[in-house]
Amino acid sequence: MNRDDAWTIVTENVEQPGLRRHMLAVEAAMRHYAAKLDGEVEAWGLAGLLHDYDWEIHPTLDAHPKEGIPLLVERGCPPEVVRAIQAHNPEGTGVDAEAPMDFALRACDEITGLVIAAALVRPSKDVRDVPLKSIRKRWKERSFAAGVDREEVERATADFSGRCFDNGLELWAHAQNVLEAMQGAAAALDLDGRLASVSGG
Ligand SMILES: [Fe+2]
Ligand SMILES: [Fe+2]
């Protein structure tokens with residue numbers, strides 16, 4: 001399975017632009033960390049890009065991603081990628097994070113939502129204009145991007161830090177990494193300012 005194959009699975013199964021953007025954001029963050037941690041960039045990217053592909057078909061935590069796994073296997077998704085996707089919902093799949101890729105996916109999942117929301121409230125609608133300090137400020141406003149579970153982000157970041165960084169990755173360093181990764185993918189995320197002209201400013 002290559003990146004085009006994975007994107008085909010996404011376009012076949014995901015209609016909501018917001019969900020596609022979420023997976024593209026997690027893909028960008030995963031590729032960034034794979035490069036940092038000497039992981040396989042393509043495989044880590046696939047885990048990010050595909051991890052929620054079945055959410056519209058199986059929109060409950062009992063079924064997602066468990067019931068989406070057979071299709072991934074059938075389409076040739078590498079086993080380590082399948083595992084990382086299973087481990088992003090251990091309660092539903094019974095599969096716990098073990099490999100660095102598994103921990104990275106959990107740590108990158110929710111936090112991208114905060115970055116996306118912070119970009120979309122800016123008049124420019126450009127993620128490249130979002131400074132880390134605005135992420136920090138938004139973090140404390142619990143009603144902002146309220147769906148982003150701050151405690152889960154803290155937990156997942158601490159676990160990732162322990163597994164892959166000798167406990168040396170603190171939350172805001174992680175946020176900075178994710179932000180930079182997403183800034184590098186601004187066009188793919190439709191967060192490169194194009195939406196500012198669409199909405200008239
Ligand atoms: Fe998910
Ligand atoms: Fe997700």
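When a ligand or atom number is given, it counts from 1 through the structure's own listing order. Not measured: the values here are computed from a predicted model.
Sorted by first and then second residue, the ring pair (Phe, Tyr, Trp, His ring centres under 6.0 Å) pairs involving residues 83-112 (not counting sequence neighbours) are His51-His88, His64-His88.
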* Check step by step if salt bridge (charged side-chain N to carboxylate O under 4.0 Å, His left out) holds for Glu152 and Arg155. => CA-CA 5 Å; Glu152 165 58 20; Arg155 214 168 22 240; 3.0 Å; yes
Margin query: Apply salt bridge (charged side-chain N to carboxylate O under 4.0 Å, His left out) to residues Asp190 and Arg194 and explain how you reach the verdict.
Written below: CA-CA 7 Å; Asp190 274 344; Arg194 257 176 300 167; 2.9 Å; yes
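Atoms of the protein (N, O or S only) found under 2.8 Å from the Fe ion (ligand 1) are Asp52 OD1, His64 NE2, His88 NE2.
Using a distance-only test at 3.5 Å, with no hydrogens or angles considered, a donor-acceptor pair links the side chain of Asp5 to the main chain of Asn2.
Using a 4.5 Å heavy-atom threshold, the side chains of Met30 and Leu105 count as touching.
Between Arg20 and Glu15, the shortest heavy-atom contact is NE-O, 4.5 Å.
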